[in-house]
Structures are given as C-alpha cells and as structure tokens.
Asks: 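Quick one: the structure is below, questions incoming.
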Amino acid sequence: MNAVSQTGPSIRFRGRSFTAMTLVADVPLQAWLADFDIWLQRSPGFFNGRTVVLDLADSAQTKADVERWIGELAKRGIRLIGLEGVRPSMVDAGMPLLLRGGRDTSLAITDVAVPPAEPRKPVEPVNMLVERRVRSGQSVVCLEGDVTIIGSVGAGSEIIAGGSIHVYGTLAGRAIAGATFGASAQIFCTRLEAELLAVDGIYRTAEDIDNALRGKAVRVSTADETLQITAL
Amino acid sequence: MAKIITVTSGKGGVGKTTTTAAIGAALARTGDKVVVVDFDVGLRNLDLIMGAERRVVYDFVNVIQGDARLPQALIKDKRLDSLFLLPASQTRDKDALTEEGVDRVIDMLSQHFDWVICDSPAGIERGATLAMRHAEIAIVVTNPEVSSVRDSDRIVGILDSKTLKAERGETVDKRLLLTRYDHARAARGDMLKTEDVLDILSLPLLGIVPESPDVLRASNMGVPVSIHDPDSAPARAYRDAALRLKGENIAMEIPRQRGGLFSKLLRRAA
C-alpha cells in the first residue's frame, strides 16, 4: 500500500464541462423520423463529431420505446452519449447514460424542420475595431479577443486585449496583450514609441526597449518568458 | 516620521508640478529621503518633469486598489539616490483615489521617508482636497497676478477647514511661494508687486522664483530645475526655499533685472 501511494503514478481527476446538443424527440416516431431524414439530407454531416443527447421526455413510455429510438438514430449514424427525460428503470448498462441537471445554452436549435443555412459556421472571433485616435487618458479594453486600432495610440493611454493588439499608427501609450489568452498573443504596430509593452504579463518599459527599434514597425511576442521585439 | 508637504494653488499652470519636483530634488540633495507623490490622477505630469515617464509600470491607483505593492510603484530618481516618485495614473479618474486608500499610502510613505511632497491637482475638488488632507506644511504657489492670488486665497481658506489638522483644531503651516516673478513687469505695474501679494494673502514668504527660460528648458529635458543648472536664478530660489523648509534662516533674494544692455547681450560664457 505504501509503495502504491508513494511511488505509483498519480491519478488525477478533473471536473470539466462540455457542451452537448440535445435532440428533442417527438411522437409519432415515424413522422418525426421522416422530418428528421429530410433535415439530415439538407445538412449532411451535421452530427459528425458532435456530442448528442436524446431527450425522450414526451416520446418514450417503456424500455422498448427507448431501444427503438436509439436503434433508429444509430441507423442514421448518430451515436448518443446520453439520454434525458427517461426513468432509470427504462435504461440498462448497454445504453447511453441517463443524464440529469443539464442547462440550456445558446446552441439550441428549436425548429428542427427549418435548419439554419450554415449549421457548421464557425464562431466568429472577437475583434474590437477602433477607427479613431486613442488619446491620452483613454483606455480600450477587450478581454474577449483582439483589439485593432486604425489610428495612433497617444502617450498616457492604454490598450488591454485578451488576445493580440494591432495598431495601424504610432503606438505611444501602453499596450497589454494576452490578458486572457496568454502567450499566444502578440502586439503589432506600424511605429513603436510605446511607454510599456506587455504580453502574457511579461512587460518592458520604454527605458528597456532597444532604441534602434523606436519609430519602427515591430512585432512583439513572448518566448521562454521573455519579450521578443522584432522589426517587421 | 516624515514631514508631509502639499504643493497647491487652486489655479492651474502656476508651477505646482515644477515646484514639487524642484523642492523635492533640492531637499534630496541635502541627503534627506524624499518622495514626491502625483495626486493629479488622469492628468499626470510629475513623471515627465522628473524624467521618469519611461519607467512607469505601476501607479498610485494600482497601490490603492491593491494591484501592486508600494515598493513596486515607487520610481527611484536616476540622479539622486534619496529621491523617489509615486506616479499618478493617466487612465483612471480622480474618483479612483479613496480617503482610506490615500491615508494608508501616506502612512506607509511617512514611515520610510523624511519628506513626503504631494503635488496637488488644480482646482478645489476631490483630488485637491485629498492631496492636502495630510499636510503639515502647505506651499501655496502663486503668480503675481490677480486671478492667481484670488484662487490662492480660496485655497488658504480650504486648508484651514478641510485638512486633518483643521479637523483636529490645529492649523496647517502655510507658506507662499511666488513664481514666474518678472521684476521689470512688476516695476512697470503690469504685475502685482510682492508686497501687494503678501498683503492680500498675509502668509509668510517661502521664496520668489523669477520667470526664466531655464524653467521651461529643464522641464523639457525632464530634470527638476533646481538640479538642472544649479547656478540659474530659479534653481537658487528653489534651493533657498528648500533650506527654509528645513528651518534654516536664509535671507530672501528679490530677483532684479540684472545689469544693463551689455550683460543682456553677453549673458553667459559658453
């Protein structure tokens, strides 16, 4: 026992939440499947790689009903990871898990018969676009994504971004990137005069920025916990 | 425990920040430990006048809000080992300063320094009253012209009512510092004379700083005027004022127009 607890591999458990799509079944079975097949034809591959939970609250009275639903969906290539809205007695060890306590998220597609035109459209990345000069004392903050400034960033102002910062103009204020997404963030500007540059918490003040890079177009990134400033 | 000085005026542009930097540097030069604190949150300038703007990472507001510890925010002067700056934030507004926060920071500073010099923002609002709250000595910076004198009079009234000393029934030691004094214009009657200003404000005189291009030159270079060109007239005036603050008895030098035409043409050997 001691040997196990001292030198054995450490076993780690983590709580994590994933988003699953819940398919709400409806009776009668055949009519619903007919609608569903039409929908699938229009959006082939929609369920590829998706985690799907089947909600049978209004559609299954017996274990046989549940088996029939699972079978029909399996024929269409849909693998379920869980079931919702059924009694424990209607589920056995060979079936998907019975899930409880799910909460709605914005992924919901209510009307199955009228699917969105581009169901697999990727989530648009957040980019705050500022098309004016950022003046002394002003603060532009976007923790959810990138910030792009078309114009100059005056001394005494600050830009804080969850991701990267792009300045098409002189960067004379403070630029703090990677506040949310960390070391993958970078700072770009067409003319460097910054008071302070920071990526992922690693900063450099004007005093420590190589004079040869002043006034140049540069890119700022981190590598091995140090700030890299290179001319573009 | 430190002596806490507030540099105030009511009116803007009379030379508070220049005075803070110059007196701070002059006191530090005597070997005393000095910290200058910029209370002008949102319109900071003291870091520029001190030539430290390229080294600011954390500021006064960060310390008050607990984002940084005081030693992280203090910037050591490059020329004088015993001179430090606590810079103001440019991107917050003056509401970021709280009474409790200011009390805490001033308390910590006064344990480590001989002099804490607070550079007040212009006006009589919150920032200005917070800057004067802990003052034992107030340097009232005044230009020899009517509006500046009137604003100074107003500030003196506030110093007598809204400071911790006033609340305890004591009085703040108030000193008048006359800046941008031009002897020729005063003689022509274009400016108030020193006696007139003293008569209106009835405060003891700490010093008279002459109007001089040296002040602008020093500001532009980010060097306190008292150490930029130690022989210049404003540098001497500030140095004398600092020594008077230390209790030394120094005769008041009234700036006069020096010499005639030739001394103007041939002002300095280079």
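Each chain gets a letter, A, B and so on, in the order the sequences are listed, and its residues count up from 1.
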Asks: Counting only non-hydrogen atoms closer than 4.5 Å, does A:E158 touch chain B with its backbone (N, CA, C, O), its side chain (CB onward), both, or neither?
Replies: both
Asks: I'd like to know if B:K78 and A:E207 make a salt bridge, using a cut-off of under 4.0 Å between side-chain N and carboxylate O.
Replies: yes
Asks: Assess whether a salt bridge exists between B:D114 and B:K3, defined as any Lys/Arg side-chain N lying under 4.0 Å from an Asp/Glu carboxylate O.
Replies: no
Asks: Are the side chains of A:I150 and A:V130 in contact, using a 4.5 Å heavy-atom criterion?
Replies: no
Asks: Which atoms of A:R204 are under 4.5 Å from chain B, going by heavy atoms: the side chain, the backbone, both sets, or neither?
Replies: neither
Asks: Between A:S136 and chain B, which part of the residue has a heavy atom less than 4.5 Å away: side chain, backbone, both or neither?
Replies: both
Asks: Hey, can you tell me if A:H166 and A:F188 have their rings parallel, tilted or perpendicular (30° and 60° cut-offs)?
Replies: parallel
Asks: Please tell me if the side chains of A:V218 and A:T230 come closer than 4.5 Å, counting only heavy atoms from C-beta onward.
Replies: no
Asks: Among residues 51-59 of chain B, which residues come closer than 4.5 Å to chain A, judged by heavy atom distances?
Replies: B:R54, B:R55, B:V56, B:V57
Asks: How about residues 6-41 of chain B versus chain A: which residues have heavy atoms under 4.5 Å apart?
Replies: none
Asks: Any chance you could measure A:T180, atom OG1, to A:E144, atom CD, to the nearest 0.5 Å?
Replies: 7.0 Å
Asks: Is any side-chain heavy atom of B:I106 less than 4.5 Å from a side-chain heavy atom of B:V116?
Replies: yes
Asks: Does any part of the side chain of A:E225, heavy atoms only, come nearer than 4.5 Å to the side chain of A:I202, both counted from C-beta?
Replies: yes
Asks: As an exercise: rank B:Q90, B:R92, B:R44 by heavy-atom pairs under 4.5 Å with chain A and give me the winner.
Replies: B:Q90
Asks: Is B:D229 salt-bridged to B:R217, cutoff N-O under 4.0 Å?
Replies: no
Asks: Treating A:R219 as the side-chain partner and A:I187 as the backbone partner, does any N or O pair qualify as donor plus acceptor under 3.5 Å?
Replies: no
Asks: Hey, mind stepping through B:T142 and B:S152 against side chain to side chain donor-acceptor pair (under 3.5 Å) and telling me if it holds?
Replies: CA-CA 7 Å; B:T142 308; B:S152 292; 2.8 Å; yes
